[in-house]
Amino acid sequence: MKLTSFNVNGKETYGIALGEHVIDLVSLSKVYGEDFPPGVQEAIESGEGFLPMAAELLKRAQREGATGDHSHSMDEIEWLPPIPSVKRNIMCVGKNYREHAIEMGSEKDIPEHIMIFTKATQTVTGHKQMVPVHEGVTDELDYEGELAVVIGKKGKAIKPDEAMNHVFGFTIVNDLTARDLQKKHGQFFIGKSLDSSCPIGPYIVTKDEVGDPHKLDIRTSVNGEVRQSSSTDLMIFKIPDIISILSKGMTLEPGDIIATGTPAGVGKGFNPPRFLKAGDRVDIEVEGIGILTNQLQ
Ligand code: MG
């Protein structure tokens, strides 16, 4: 199932993406007098019963021809981040692809231990939303296409072989980074947390639809030119290890988002570097997950 949040007719809601349409689960559930969670965050928190309940509602509505008023063309909605108000900072793995670590410096930059930083909650923005280039703040805004994990079940000290039980699904993140600020201020936080610097979506694809998350092609294009082209099987630290290490002494919560790192081909890796400018369009495609598109302004 593909779950996302969106605005339609001036109202914020969420639902299931099906082909070129999204089905509004909130309004549809009211038709049947059912009490659905008000948002994707609450849906994830409500536990494992939610997905079968949503699937059953959709099936029933389709059988009875009742989806019509609750089905919206993807062209008529405003995309929001799948979880519009994230509760915690987006957790990000740094230098998790060998070739990317090298392009950022040298072989010495390949991490021995997992490298983790976060992006502030206000960075999230939706598919097709315009993203500011932050003129006067940074001259070196860069893209990073990444597969992101959405946690479904709370857990602490999660063992690698149990980690996938805690995953709700997957989405795509553009870990936009102001390279000059990242370098100047020592810690990554400010360079990773400019407003709207975490485009995310278009939707969360539940894990049952994804299969092995380490066998997915990942590709980033700028204005149609492919800059990053790799596979998630090249991650240095795989998803079960990331979850296990993060949760060792810190409880992971439903709705937590973990971006798993970017492959080689970021703007800073070119000589001369190729940073983003107003008008550029960035498309990030992860096989089986979707395409996240944003334009800079
Ligand atoms: Mg990154």
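Just follow the structure's listing: the first ligand is 1, and inside any ligand the first atom is 1.
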Open item on the list: How long is the straight-line distance from CD1 of Ile289 back to CD1 of Ile284, given to the nearest 0.5 Å?
Closed with: 13.0 Å

- [ ] Can you label the angle between the His127 ring and the Trp79 ring as parallel, tilted or perpendicular, going by 30° and 60°?
- [x] perpendicular

For residues 17-24, which side-chain N or O atoms pair as donor and acceptor with protein atoms under 3.5 Å away, sequence neighbours left out?
from  : atom 1 : to    : atom 2 : distance (Å)
Asp24 : OD1    : Thr13 : OG1    : 2.7
Asp24 : OD1    : Val26 : N      : 2.9
Asp24 : OD1    : Ser27 : N      : 3.1
Asp24 : OD2    : Thr13 : OG1    : 3.4
Asp24 : OD2    : Ser27 : OG     : 3.4

Task: Donor-acceptor contact present, side-chain Ser106 to main-chain Ile102, <3.5 Å - done: no

- [ ] For residues 287-297, pull every pair meeting side-chain hydrogen bond (donor to acceptor under 3.5 Å, both in side chains), keeping only residues two or more places apart or in separate chains.
- [x] Asp283-Thr293

- [ ] Sort by chain and number the protein N/O/S atoms that are closer than 2.8 Å to the Mg ion (ligand 1), and list them.
- [x] Glu144 OE1, Glu146 OE2, Asp175 OD2

- [ ] Just grab all the ring-ring contact (aromatic ring centres under 6.0 Å, His included) pairs involving residues 152-189, residues at least two apart or on different chains.
- [x] Phe117-Phe188

